[in-house]
Number of protein chains: 2
Amino acid sequence: MKKRIIIVEDNISIREGFRAVLETIEKYEVMNLYSNVEEALEHLDQDLPDIVLMDIELPGMDGIAGTIRIKKLYPDCIVLIITVLEDSEKVFRSLCAGAGGYIVKNSNISEIVQNIDEALAGGAPMSLSIAKMVVQSFQQQQNSPLTERETEVLQSIAEGKSYSKIALDLYVSKETIRSHIKNIYRKLEVSSKADAIKVANSNKWVTGRAL
Amino acid sequence: MKKRIIIVEDNISIREGFRAVLETIEKYEVMNLYSNVEEALEHLDQDLPDIVLMDIELPGMDGIAGTIRIKKLYPDCIVLIITVLEDSEKVFRSLCAGAGGYIVKNSNISEIVQNIDEALAGGAPMSLSIAKMVVQSFQQQQNSPLTERETEVLQSIAEGKSYSKIALDLYVSKETIRSHIKNIYRKLEVSSKADAIKVANSNKWVTGRAL
DNA sequence: ACAAAATCCCCCAAAATGGGTGATTGATTC
DNA sequence: GAATCAATCACCCATTTTGGGGGATTTTGT
């Protein structure tokens, strides 16, 4: 059974380049090429791809939104992101969106085939540099204006705990927690839980994931 | 200037094995070996290591807690995790704790040296398989009992938003949000924001990170 | 046509929140 | 020694939020 592949990429030379490469491989069948996500979505029910090669930067809906849509309609379909620019945040977001891996734009035939086969086998193909990027997105939470205690309190806020619950967990009075929060709000120049979480999160002053 | 290294590893053969390897390298100086984190912490101010090779599984305080302590005291000190077992959750947690990379237990000399040098140069050495593990921890949020809309609402709750704010953001009435939340609580068998977040988070039914 | 999902409404009481203005202790720094 | 900061706690006040209980209607997918 041939593996059905579609390519979503607005740059025609890259698009045709991939097509040319993939058509030399017996086990692949390139169903269609698209220059935007919208068109690709319309034909998904005919193409029924096993693999989607998707660019991130696209006119209209971008590759990340496209990945979300496709995975929603066909959860078993594997979306591989075609990329040159290794933007940490975009890489991270596309993985969260359900991307199955990465293919570097200037790969040679054997690398491309290897990546696709790896994805089909359940792996998560990507270059080491991309993997590092993701990993590093968990670190570098430096330069926080918040004290240790304040960070701890804000972290608890982010976990949805009430002041009373936080007070219990940290073995202090509820008033103490209120004090810390007032200081947090002053330092972050916000005046609500949601805003504090947003600011702290975007600056990576909290871990972001409840552990 | 020689790079100061300490090793924290309870298995004596692995510990001595690494020492033997590292001592053959001119630019490294193995300051001390420890079989637990507590001992290592006591001598940190004398050892002043540039690199700590740390096992995860340790008697007493584990390598993750140890990493957090060390990074708190000496943020510039690089902690490399020595590992065989590639447990997705432990890997993830140790990276969050500030680990700078991974060294596989049965590496050969050149791999070890390469990893350490890479870490010193600011990289994040790790095997591709470990990187994949981290990446995959962002996916597979399947089998949620929550509907799309409910997930969206719960996600907003996790971002610290009030019912009113969520209602505004989703262009619906506050009462609608209340309805969704009642259903969420019923499905997850909880009766508070914090518990709902905890349950959804541990099952990866929400993304965990605000994007 | 049926079920599920999404939307909206009201009532109620308890809890949580945000802002203000304080105070005390201990550690560190100048 | 003075000054600063971190962490702790207190009380007042008004407003908002929350959770639980009743419902109801409309849209959507199968």
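Quick note on labels: first sequence line is chain A, next is B, and so on, each numbered from 1.
Atom-to-atom, CD1 of A:I166 to P of C:dA15 comes out at 17 Å; the value is rounded to the nearest Å. As a whole-Å value, the separation of B:R186 CZ from C:dA4 C1' is 11 Å. Atom CG of B:N183 is separated from atom C1' of D:dG20 by 13 Å (rounded to the nearest Å). Rounded to an integer number of Å, the gap from B:D195 CG to D:dG20 P is 11 Å. Straight-line distance from the CG atom of B:L168 to the P atom of C:dT7: 14 Å, rounded to whole Å. We find that CD1 of A:I177 is positioned 19 Å from P of C:dA15, with the value rounded to whole Å. If you take NZ of B:K161 and P of C:dT17, they are 17 Å apart, rounded to a whole angstrom. Regarding B:H180, its NE2 atom lies at a distance of 8 Å from the P atom of C:dC8, rounded to whole Å.
Phosphate proximity of C:dA6 to B:T147: present, with a side-chain N or O under 4.0 Å from OP1 or OP2. Proximity of A:S173 to the phosphate of D:dA10: a side-chain N or O atom is located under 4.0 Å from OP1 or OP2.
Where A:S162 and B:R149 each meet DNA chain C at their nearest nucleotide, the meeting point lying more 5' is that of B:R149.
The pair B:K90-B:D62 does not count as a salt bridge, with every side-chain nitrogen at least 4.0 angstrom from each carboxylate oxygen. Salt bridge B:K105/B:D55: present, at least one basic N to carboxylate O contact under 4.0 Å.
A:T176 comes within 4.0 angstrom of a nucleotide base, judged by non-hydrogen atoms across all strands.
With A:N36 contributing its side chain and A:E38 its backbone, the two residues share a donor-acceptor pair below 3.5 Å. Judged by distance alone, with hydrogens and angles left aside, the side-chain atoms of B:Y185 form a donor-acceptor pair with the main-chain N or O of B:K193 at under 3.5 Å. A donor-acceptor pair is defined here as one N or O able to donate and one able to accept, closer than 3.5 Å; such a pair exists between the side chain of A:E9 and the backbone of A:N11.
With a 4.5 Å cut-off on side-chain heavy atoms, A:I5 and A:I116 count as touching. When side chains are defined from C-beta on, A:K187 counts as touching A:T147, because their heavy atoms get closer than 4.5 Å.
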Produce a footprint string for nucleotides 18-30 of chain C: one letter per nucleotide, 5' end first; B if the base is under 4.0 Å from any protein heavy atom, S if only the sugar-phosphate is, - if neither.
BBBB---------
